[in-house]
Amino acid sequence: MEIDRAVGESCDRRLQTKYRNAVYVIQRAFALYEFEQVAFSFNGGKDSTVLLHLLRAGYYLHKGKSECFQGNLSDSMLNCPIRTIYFESPSAFPEINAFTYETATAYNLQLETIRSDFKSGLEALLKEKPTKAIFLGTRIGDPNAVGQEQFSPSSIGWPPFMRVNPILDWSYRDVWAFILICKVKYCSLYDQGYTSIGSIYDTVPNALLSIVDSSSTTEIFKPAYMLSDGRSERAGRTKKLPLKCDTACLNNGMTNVSQSGSFIASIIVVGDEILFGTAEDKLSAVLCKKLNAIGWQVTRMIVVQNDIDCVAAQVEQQKSTNDMVFLLGGLGPMHSDVSLAGVAKAFGVRLAPDEEFEEYLRLLIGKHCTGDRNEMALLPEGITELMQHSKLPVPLIKCQNVIILAATNVSELETQWDCLLETPSHPLMRLPPFMSKHLGTMLSDVETAQTISKLCLEFPDIYIGCQRKSRVGPLVITFVGKDKTRIDLAAEKLSNSFPAGAFSEADCG
Ligand SMILES: Cc1cc2nc3c(=O)[nH]c(=O)nc-3n(C[C@H](O)[C@H](O)[C@H](O)COP(=O)(O)O)c2cc1C
Ligand SMILES: Nc1ncnc2c1ncn2[C@@H]1O[C@H](COP(=O)(O)OP(=O)(O)OP(=O)(O)O)[C@@H](O)[C@H]1O
Ligand SMILES: [Mg+2]
């Protein structure tokens, strides 16, 4: 078969290894699932073009040569009649659309065009036709590849299928080496300087391929395969406009002080063991107190599973609605340590080796490190700031307005917090602290409820909360705010609304 032959006859040993592994993954998938229950996600991009020809090679090897040759078909037209899905969007480049349809016809792919978003399109597809696995041209540098393996079940919240990523470990160079060695057709945009193709609204030719030609009025670009540094593959993908709350990212992680006179933060704790009830989260409560003491308000404390998508979903949501997000847990070398991958996914960047951080880790755990790459030194690319302090063995990690704390107990958290505040570039502006006052009473909830409701309306700047430690014990009313006089006034008003002695100051630790 021509693809197999071209790679075999090339002198590119690296490509040969990548090719063999990818074809092996494809053959495994064909052996595991019924052919009718697998699909190929094809969009005319370079990665899915490579995958198309690997599928043809894998199918040929899986089926055996004889079954694949149909009559007098030349082997370059050898087909893999796989179900193929294309999510066609009105904002796709016409060249991409044309290439997708031409290629599907040329290779007899059973094309199913879907005109909705990925998730609902896949939901409808799975309802209509049982689909166990879908081949994708995802590569490790893609923002959405974080945490994926060659066989990765679809994410939580997505319809259930296996994502099969045969070229996950292929580099930009490998992709072009394959296309050029196998002499397969590719979308014409890649000859015009496009190196990764999204929509017409967010994709331009890669400026690194621009040819300076003073005699020409139009800008000319070299073809995509001329890009020497694959890390710049997505340089032509313009950033989406920031969401309204993402101003936090533009302003060194700071928005303006909200009307309540404080910054807001949320805390995400990553820990299956907390959700199973086998461990208790003590750190968030301590962190809340620390934040309150510098005048920050905590809007949420969330515990999530050790799952990249769960972490990513929460980080994505919280980072855009809070001035700062603190992440606790899920850091380290274990399979369940997915916090950084979740952060990377939330920001749409990849995890990349960070030499500075690796050096710190080497000093700390050097001799225990195995392998040639330290997985713990992979940090979200382009958005990570290391906050070093002499009392810390490794720096704290900050990704825009998300701070990742590696504390495993209260004492470590206290040290990390103190160091954070002592770091010159720390992003936590000190504001007047929150203060609180607690009143205890043996009056019942029913007797006090109405008066307290009225008090809340009268003192909108003071948080007034009620809690009981037991049904028979005292009711404790808490007043929290930044103005001591106002707190005292609210407490006094409450006491004065009831017979003398009904309330007394309580200590809530
Ligand atoms: C067939 C298919 C399956 C996908 N499955 C998932 C999934 O399980 N989880 C997920 O977060 N995204 C999934 N996606 C979305 C991709 O991660 C990603 O958003 C998409 O390839 C577009 O990349 P872009 O945003 O860079 O254009 C899927 C996309 C396709 C086409
Ligand atoms: N609109 C789509 N329809 C079908 N599959 C898609 C679509 N968009 C993405 N995919 C799948 O996701 C994979 C990764 O997309 P990505 O954009 O990174 O790669 P590509 O389009 O093949 O190449 P390029 O990086 O040059 O754009 C694709 O190879 C394809 O399998
Ligand atoms: Mg693309």
Side-chain angles (χ1 to χ4, degrees), residues 38-55 82-93 95-97 99-101 103-104 109 111-126 131 133-148 151-168 170-172 175-176 179 186-187 189-190 193-203 205-206 224-225 227 230 233-240 307-313 316 341-342 345-346 348-350:
V38 294
F40 163 39
S41 193
F42 181 57
N43 67 338
K46 63 179 184 315
D47 305 324
S48 59
T49 299
V50 167
L51 182 54
L52 161 67
H53 296 287
L54 292 172
L55 283 167
I82 187 168
R83 283 174 50 208
T84 301
I85 49 177
Y86 173 44
F87 292 85
E88 188 179 326
S89 140
S91 58
F93 282 88
E95 292 88 342
I96 277 282
N97 263 340
F99 179 75
T100 304
Y101 286 109
T103 310
L109 299 172
L111 194 66
E112 297 167 35
T113 305
I114 302 174
R115 290 188 180 85
S116 62
D117 64 281
F118 291 136
K119 211 180 202 180
S120 21
L122 290 167
E123 258 154 25
L125 181 86
L126 260 70
T131 307
I134 303 181
F135 287 107
L136 288 136
T138 302
R139 292 179 15 242
I140 205 69
D142 297 344
N144 58 55
V146 172
Q148 286 206 58
F151 286 81
S152 272
S154 52
S155 312
I156 293 172
W158 283 69
F161 57 89
M162 183 63 80
R163 285 176 288 179
V164 186
N165 304 310
I167 60 165
L168 192 66
W170 285 42
S171 67
Y172 185 81
V175 165
W176 282 111
I179 290 177
Y186 55 85
C187 176
L189 291 175
Y190 293 109
Y194 290 83
T195 50
S196 172
I197 302 172
S199 82
I200 50 171
Y201 300 116
D202 70 5
T203 315
N206 193 322
Y225 56 80
L227 185 75
E233 173 181 352
R234 294 175 74 88
R237 299 285 287 266
T238 50
K239 293 258 181 316
K240 289 180 189 140
D307 174 90
I308 293 174
D309 292 307
C310 294
V311 175
E316 192 168 1
K345 187 160 185 178
V349 300
R350 63 176 195 154

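Nothing here was measured: the structure is a model prediction, and the numbers come from that model. Both ligands and their constituent atoms are indexed starting at 1 by order of listing.
Residue Ile197 holds its CD1 atom at 7.5 Å from OG1 of Thr203, rounded to the nearest 0.5 Å. The CG atom of Leu126 sits 6.5 Å away from the CD1 atom of Ile134 when rounded to the nearest 0.5 Å. For the atom pair Arg237 CZ and Asn206 CG, the distance stands at 11.5 Å (nearest 0.5 Å). Atom CZ of Phe99 is separated from atom CG of Asn43 by 10.0 Å, given to the nearest 0.5 angstrom. Here CZ of Arg139 is found 13.5 Å from CD of Gln148. Values are rounded to the nearest 0.5 Å. The distance from the OH atom of Tyr201 to the OG atom of Ser91 is 6.0 Å, given to the nearest 0.5 Å.
Smallest separation of non-hydrogen atoms from Ser48 and Phe42: OG-CD1, 3.5 Å. Nearest heavy atom pair, residue Phe87 against residue Ser41, reads CE1-OG, 4.4 Å. Here the closest heavy-atom approach between residue Phe135 and residue Pro166 is recorded as CD2-CG, 3.8 Å.
When only interatomic distances are considered, the shortest N/O to N/O separation between Ile197 and ligand 2 falls below 3.5 Å. The shortest N/O to N/O separation between Phe87 and ligand 2 falls below 3.5 Å. Where the criterion is an N or O separation shorter than 3.5 Å, residue side chain and backbone included, Arg237 fails it with respect to ligand 2. The distance criterion of under 3.5 Å between nitrogen or oxygen atoms is not met by Phe135 with respect to ligand 2. At under 3.5 Å, not a single nitrogen or oxygen of Ser41, backbone or side chain, sits near a nitrogen or oxygen of ligand 1. Looking at Tyr86 next to ligand 2, no N or O pair under 3.5 Å apart turns up.
Ranking protein heavy atoms by distance to atom 22 (O) of ligand 2, first place goes to Ser48 N, 2.9 Å. For atom 13 (C) of ligand 2, the nearest non-hydrogen atom of the protein is Gly137 N, 3.8 Å. Here the heavy atom of the protein found nearest to atom 18 (O) of ligand 2 is Asp142 OD2, 3.3 Å. The protein heavy-atom contact nearest to atom 24 (P) of ligand 2 is Lys46 NZ, 3.3 Å. The single protein non-hydrogen atom nearest to atom 31 (O) of ligand 2 is Ser41 O, 2.6 Å, given as residue, atom name and distance. For atom 19 (O) of ligand 2, the nearest non-hydrogen atom of the protein is Asp47 OD2, 3.1 Å. For atom 7 (C) of ligand 2, the nearest protein heavy atom (residue, atom name, distance) is Asn43 CB, 3.4 Å. Looking only at heavy atoms of the protein, atom 12 (O) of ligand 2 is closest to Leu136 CD2, 3.7 Å.
The proximity of Lys119 to ligand 1, defined as any non-hydrogen pair under 4.0 Å, does not occur for either the backbone or the side chain. Contact annotation for Phe118 and ligand 2: only side-chain heavy atoms (C-beta onward) come within less than 4.0 Å of the ligand. Contacts with ligand 1 closer than 4.0 Å are made by side-chain heavy atoms of Leu122 only, the backbone lying farther away.
The six-membered or imidazole ring of Tyr225 lies away from that of Tyr190, with a centre-to-centre distance of 6.0 Å or more. In this structure, Tyr194 has its ring center under 6.0 Å from that of Phe93.
Listed by number with element, the atoms of ligand 1 under 4.0 angstrom from any heavy atom of Arg234 are 26 (O). The Leu136 neighbourhood of ligand 1 comprises atoms 1 (C), 2 (C), 30 (C), 31 (C), with distances under 4.0 Å to a heavy atom of that residue. Remark: ligand 2 atoms within the under-4.0 Å shell around heavy atoms of Gly45 are 20 (P), 21 (O), 22 (O), 23 (O). Every atom of ligand 1 is numbered from 1 in the order shown, and the set under 4.0 Å from a heavy atom of Arg237 is 26 (O), 27 (O). In the vicinity of Phe161, heavy-atom distances shorter than 4.0 Å reach the ligand 1 atoms 3 (C), 5 (N). Close contacts between ligand 1 and Ser154 involve ligand atoms 8 (O) [criterion: under 4.0 Å to a heavy atom].
Using a non-hydrogen distance threshold of 4.0 Å, Lys345 registers as a contact of ligand 1. Residue Asp142 places every heavy atom at 4.0 Å or more from ligand 1. Remark: distances from the non-hydrogen atoms of Phe40 to ligand 2 are all 4.0 Å or more.
No hydrogens or angles considered: nothing links the side chains of Thr100 and Asn97 as a donor-acceptor pair under 3.5 Å. Neither side chain, Arg163 nor Ser154, offers a donor N or O lying under 3.5 Å from an acceptor on the other. Between the side chains of Thr131 and Arg83, at least one donor-acceptor pair of N or O atoms lies under 3.5 Å.
Here Asp142 does not pair with Arg350 in a salt bridge; the nearest charged N to carboxylate O distance is not below 4.0 Å.
Listed by chain and residue number, the protein N/O/S atoms under 2.8 Å of the Mg ion (ligand 3) are Ile197 O, with waters left out.
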